[in-house]
Chemist: 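So that we are looking at the same thing, I have put the structure below in structure tokens.
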Amino acid sequence: MSVRVTQEVMKWSLRFCSHRSPWQRRGFLVTTVKNPSFPSLQQFAHILGPRQSQKWISRSLVSAVRFLSHDRIHSDELEDRKHTSSELSELSHPAQMHFDEAVSEQKQQRSPFMNHLQLCGSPSDVLDLTCKYSPTVRQISNCLTQMWSSLKKMSDDQRRYELQLMFEHPAFDKLLQKALSSVNHMRNDDLTYSLLSMVRLGVPQRSRVVQTFLRTCQEKLNDFDEKSLSILASCLEQMDDSPNVDALKDGMRQIVKTHLPGIKNVMTLQTMIRILGKDAPKELKWKLEKKVLSMTDHFSLPNAQHMISTMATVGFYSKPLLQVCSKKITENLHGIPFNRLYKVLQSCKELLYRDVALLTGISDYVASTLEIWTNKQLLLFLSVFEDLHFCPDALMEAYAEKVITNPDVLTLKDLLCVLKVYSFLNYDLQHRRQQFLDCLSHALGSYLPRMSGFLLLQAVYCLCVLGHFPAVLLEQLLQSSTVEQLLASKLVKSRERMFQTVDLCLRVDRPPLPRPLTVPTSVLGTSPLASPSVNQWLSQGLQSVLGDQAQTMLQERVVVENFYLIDGLITKSVPNQTSLTEGSGCAEEQCSPAESSQRIAVIYAPPSCFCYGTSNPYGYLAVKIRHLKILGYTPVLVTERDLRSESEEGRREMLRGLIFPEHHTSEAQPKTEHLES
């Protein structure tokens with residue numbers, strides 16, 4: 001008992017003697033700190049005096065150059081390594097070290113430190129705990145990981161505040177010092193977890209502690225298993241380029257090349273792909289693609305999900321591999337949690353990959369299980385579908401019903417998101433359309449006193465695209481105070497474009513409003529037309545089609561309402577025999593040009609103007625078609641696919657069928673009758 005008491009007395013006396021004053025700041029680990037929220041070393045200039053301050057800073061800060069070279073180890077670093085080894089001389093014997101590590105692992109399972117660590121809800125809580133209990137080499141990694149895990153659950157403002165408290169906490173420097181002195185005795189996974197946590201916590205990447213961990217990873221790289229390699233790969237993705245980072249990336253790529261032929265586990269292969277990163281040579285990516293495709297029979301559902309996200313992370317596009325993964329996910333949609341399903345859609349967006357079966361399957365699945373998703377999750381689904389330029393019909397129909405049932409639960413941000421998605425994708429709710437738009441307009445009206453001018457402009461613009469004109473919102477937007485607010489914010493082109501669309505809708509649609517409303521010319525800006533050239537194939541095809549047509553005239557690049565560009569305007573005379581026989585009065589009076597002729601507006605529409613996999617035009621093109629019809633034109637859309645016929649004759653026949661469908665039908669009728677006979 002006396003020996004035990006003596007040991008405790010010595011332990012506490014040493015801890016008391018080594019305790020630092022609360023005013024003393026850290027500095028020896030950080031070489032450069034650019035974040036203004038962190039404490040500055042200049043704070044102590046007035047305390048230490050000019051010469052003392054310079055001397056203290058030079059002694060405290062360690063140049064990052066000492067830890068940046070991957071060609072050789074400088075003498076300063078060797079001295080630091082010797083100093084580190086002397087501090088842990090009691091663990092120098094390998095057998096003793098392995099024995100102590102095994103004992104420490106057994107103790108750690110029942111250690112009160114680990115029990116308390118799990119209850120820490122912030123980095124400061126973890127640092128306070130390290131003041132009460134001295135963490136072991138293994139527990140240092142647990143502390144850093146717990147600090148980051150607690151931050152992930154916080155809001156942005158709270159996270160910034162907790163990070164400031166963490167960097168000002170006197171125990172944070174002590175914990176980093178202990179990590180630095182213990183780095184050579186850490187297990188590989190603890191080493192990589194510690195490095196990843198420090199980078200995520202915002203420890204400067206050129207600080208001595210981070211650079212030392214990077215150098216140690218280089219030395220132990222050949223002994224890393226796939227778990228440690230995966231953690232290190234995740235860490236390097238978040239780090240800026242530096243000699244040590246680049247050296248590690250090169251070393252990991254060499255490991256991948258060496259071990260690739262012998263890999264038989266899908267997860268290991270995915271880890272190797274992640275390690276390569278976006279800068280991997282194309283030849284190596286092709287080898288990886290061939291290897292992965294040879295293992296697709298062993299893909300599980302998580303493998304397929306993780307493979308798509310891994311490919312997006314490293315910018316590795318392989319259509320055959322994506323098709324295999326998409327099919328696997330489509331067949332097993334039920335039971336996939338939101339995070340994984342949303343991650344798949346995000347990865348498809350990053351890869352610019354769209355599989356109609358996969359996207360339709362997800363839409364149908366989410367729509368059929370609408371009650372299990374939160375409103376935020378549903379809006380995230382809708383937003384990523386919009387980013388993919390894909391219209392999820394089933395989901396949009398089901399969500400519209402949800403909005404009609406209870407529109408008051410939507411926040412202002414929710415309402416703007418819904419308007420953006422439904423106007424951009426031009427989804428037609430048919431008989432529920434008016435009810436849906438009225439619900440959105442009413443909900444927006446309740447937020448009107450708190451809406452900024454720009455948010456109000458966004459909302460009105462989307463409603464006008466949908467052909468809905470709520471008077472309350474329009475009057476508020478066009479008030480002089482709102483217009484002045486928007487003018488003061490230096491209108492950008494997108495805002496000018498929105499005002500131009502609102503102005504055009506008011507003039508062409510002529511909505512029934514309590515009083516006439518006009519958009520001030522001060523916010524309209526200049527004409528939005530970019531004057532693109534007419535598609536050469538379209539121009540040649542139109543001239544060829546109209547060459548044998550009497551009483552027709554072709555005009556190219558016609559501007560309507562100083563806003564819409566028509567690639568080819570065909571004016572065709574309309575005979576008045578019907579009017580003459582019916583005695584309509586046109587025989588005695590001259591008919592107007594619009595009544596005596598048909599105006600066909602031929603518009604070239606690239607694939608980007610349509611929802612993916614459909615002929616449904618996006619919001620802007622839909623408004624253009626609506627307005628041209630009101631103005632008396634007959635819109636004819638010519639797509640890129642239409643112009644890709646094998647021969648000039650084929651393109652001409654296609655255009656003739658689109659522009660003169662009545663002639664095309666009459667010519668095809670005898671052929672049909674002949675075939676039937």
Side-chain angles (χ1 to χ4, degrees), residues 64 67-73 77 141 144-145 148 179 183-184 186-200 203 205-207 209-295 303 306-318 321 347 350-351:
F67 298 96
L68 288 177
S69 173
H70 57 276
D71 295 326
R72 56 193 178 89
I73 302 178
E77 186 178 352
S141 175
L144 292 169
T145 303
W148 169 245
V183 62
N184 288 325
M186 285 186 176
R187 302 193 327 175
N188 292 338
D189 55 342
D190 290 334
L191 177 68
T192 51
Y193 270 126
S194 298
L195 177 61
L196 178 62
S197 299
M198 284 189 289
V199 171
R200 286 176 170 174
V203 177
Q205 295 182 15
R206 291 189 175 271
S207 62
V209 62
V210 172
Q211 293 297 321
T212 302
F213 268 74
L214 288 172
R215 285 303 308 264
T216 307
C217 287
Q218 291 179 42
E219 295 171 2
K220 297 184 176 182
L221 190 59
N222 288 330
D223 300 326
F224 279 10
D225 58 12
E226 63 180 76
K227 178 182 177 182
S228 299
L229 287 172
S230 179
I231 300 167
L232 182 58
S234 299
C235 181
L236 295 179
E237 289 173 3
Q238 304 174 40
M239 298 191 69
D240 300 329
D241 291 337
S242 71
N244 275 334
V245 171
D246 295 340
L248 266 176
K249 288 181 178 179
D250 292 339
M252 294 174 77
R253 286 171 187 156
Q254 293 300 322
I255 289 178
V256 172
K257 292 179 182 179
T258 304
H259 292 80
L260 184 60
I263 297 176
K264 297 181 180 180
N265 182 274
V266 177
M267 288 298 296
T268 304
L269 188 59
Q270 290 174 340
T271 300
M272 295 303 176
I273 295 174
R274 190 179 183 88
I275 288 169
L276 290 175
K278 295 185 177 180
D279 302 328
K282 291 183 178 179
E283 296 79 7
L284 185 55
K285 288 185 177 181
W286 291 338
K287 290 181 180 179
L288 279 170
E289 179 184 23
K290 185 177 179 180
K291 180 69 176 181
V292 176
L293 288 173
S294 68
M295 301 174 66
N303 289 152
H306 188 60
M307 181 59 72
I308 292 182
S309 61
T310 299
M311 293 170 71
T313 301
V314 301
F316 176 39
Y317 184 93
S318 169
L321 185 54
S347 300
E350 293 173 19
L351 291 169

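Fair warning: this is a prediction, and the values are worked out from it, not measured in the lab.
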Chemist: Take Val266 and His306 through the side chain to side chain contact (heavy atoms under 4.5 Å, CB included) test and state the conclusion after the steps.
Modeler: CA-CA 10 Å; Val266 177; His306 188 60; over 6 Å; no
Chemist: Under the salt bridge (Lys or Arg N to Asp or Glu O under 4.0 Å) rule, what do Asp250 and Arg253 come out as? Steps first, then yes or no, please.
Modeler: CA-CA 5 Å; Asp250 292 339; Arg253 286 171 187 156; 3.7 Å; yes
Chemist: Would you indicate whether Lys227, at its atom NZ, is surrounded by more than 12 heavy atoms from other residues, nucleotides or ligands within a distance under 6.0 Å?
Modeler: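 It does not: Lys227 NZ has 12 such atoms or fewer within range.
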Chemist: Would you find a donor on one side and an acceptor on the other, under 3.5 Å apart, between the side chain of Ser294 and the backbone of Lys291?
Modeler: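 It does hold such a pair.
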Chemist: Might you confirm whether atom NZ of Lys287 has over 12 heavy atoms from other residues, nucleotides or ligands at distances under 6.0 Å?
Modeler: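 Not buried by this count: 12 neighbours or fewer within 6.0 Å.
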Chemist: Answer yes when Asp240 and Arg206 have at least one side-chain N-carboxylate O distance shorter than 4.0 Å, and no when they do not.
Modeler: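 Answer for the salt bridge query: no.
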Chemist: For Leu221 and Gln218: C-alpha separation, side-chain torsions, deciding distance, then whether side chain to side chain contact (heavy atoms under 4.5 Å, CB included) applies.
Modeler: CA-CA 5 Å; Leu221 190 59; Gln218 291 179 42; 5.8 Å; no
Chemist: I'd like to check Val183 versus Val209 (side-chain heavy atoms, cut-off strictly below 4.5 Å). Are they in contact?
Modeler: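 The answer is no; the side chains never approach within 4.5 Å.
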Chemist: Do Glu289 and Ser318 have side-chain atoms, one donor and one acceptor, less than 3.5 Å apart?
Modeler: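 Their side chains do contain a donor-acceptor pair, which is all the 3.5 Å distance test asks for.
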Chemist: Please give me the minimum heavy-atom distance between Asn303 and Gln270, naming the atom from each residue.
Modeler: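 That would be O-NE2, 2.8 Å.
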Chemist: In the structure I gave you, are the side-chain heavy atoms of Leu232 and Leu195 within less than 4.5 Å of one another anywhere?
Modeler: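 Of all side-chain heavy-atom pairs linking Leu195 with Leu232, at least one is under 4.5 Å.
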Chemist: Between atom CG of Asp189 and atom OG of Ser141, what is the distance when rounded to the nearest 0.5 Å?
Modeler: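 Between Asp189 CG and Ser141 OG, I get 7.0 Å after rounding to 0.5 Å.
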Chemist: Closest approach of Gly315 and Lys285, non-hydrogen atoms and distance?
Modeler: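 That closest heavy-atom pairing would be O-NZ, 3.7 Å.
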Chemist: In Å and rounded to the nearest 0.5 Å, what is the OG1 to CD distance from Thr216 to Gln211?
Modeler: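 Output value for this atom pair is 11.0 Å.
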Chemist: Looking at CE of Met311 and OG1 of Thr313, how far apart are the two atoms once the value is rounded to the nearest 0.5 Å?
Modeler: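 Rounded to the nearest 0.5 Å, the CE-OG1 separation comes to 11.0 Å.
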Chemist: Any heavy-atom pair between the side chains of Lys290 and Leu293 that's under 4.5 Å?
Modeler: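 Result no, sub-4.5 Å side-chain heavy-atom pair not found.
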Chemist: Given side chains that start at C-beta, do those of Met239 and Leu236 come closer than 4.5 Å, heavy atoms only?
Modeler: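 Contact flag for Met239/Leu236 side chains = yes.
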Chemist: So, applying side-chain contact (heavy atoms from CB on, under 4.5 Å) with Leu196, which one of Leu191, Thr145, Ile231, Leu144 is it?
Modeler: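 Single side-chain contact (heavy atoms from CB on, under 4.5 Å) partner of Leu196 among Leu191, Thr145, Ile231, Leu144: Ile231.
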Chemist: I want to check something: taking the side chain as every heavy atom from C-beta on, are Ser242 and Gln205 in contact at a cut-off of under 4.5 Å?
Modeler: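 A side-chain contact under 4.5 Å is absent here.
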Chemist: Any side-chain to backbone donor/acceptor pair from Asn188 onto Asp223? Under 3.5 Å, distance only.
Modeler: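 Yes.
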Chemist: Measuring from atom CZ of Arg215 to atom CG of Asn184, what distance do you get when rounded to the nearest 0.5 angstrom?
Modeler: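 Between Arg215 CZ and Asn184 CG, I get 11.0 Å after rounding to 0.5 Å.
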Chemist: Looking at side-chain heavy atoms only, is the closest gap between Arg187 and Tyr193 below 4.5 Å?
Modeler: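 With C-beta onward as the side chain, the pair stays apart.
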Chemist: May I ask you to test the Phe224-Met252 pair for a side-chain heavy-atom distance under 4.5 Å?
Modeler: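 In short, these two side chains do not touch, never coming nearer than 4.5 Å.
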Chemist: Which heavy atom in Ser309 sits nearest to a heavy atom in Ser347, and how many Å separate them?
Modeler: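 Heavy atoms of Ser309 and Ser347 come nearest at CA-OG, 3.2 Å.
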Chemist: OG of Ser230 to CD1 of Ile273: how many Å apart, nearest 0.5 Å?
Modeler: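 Separation between the atoms: 12.0 Å.
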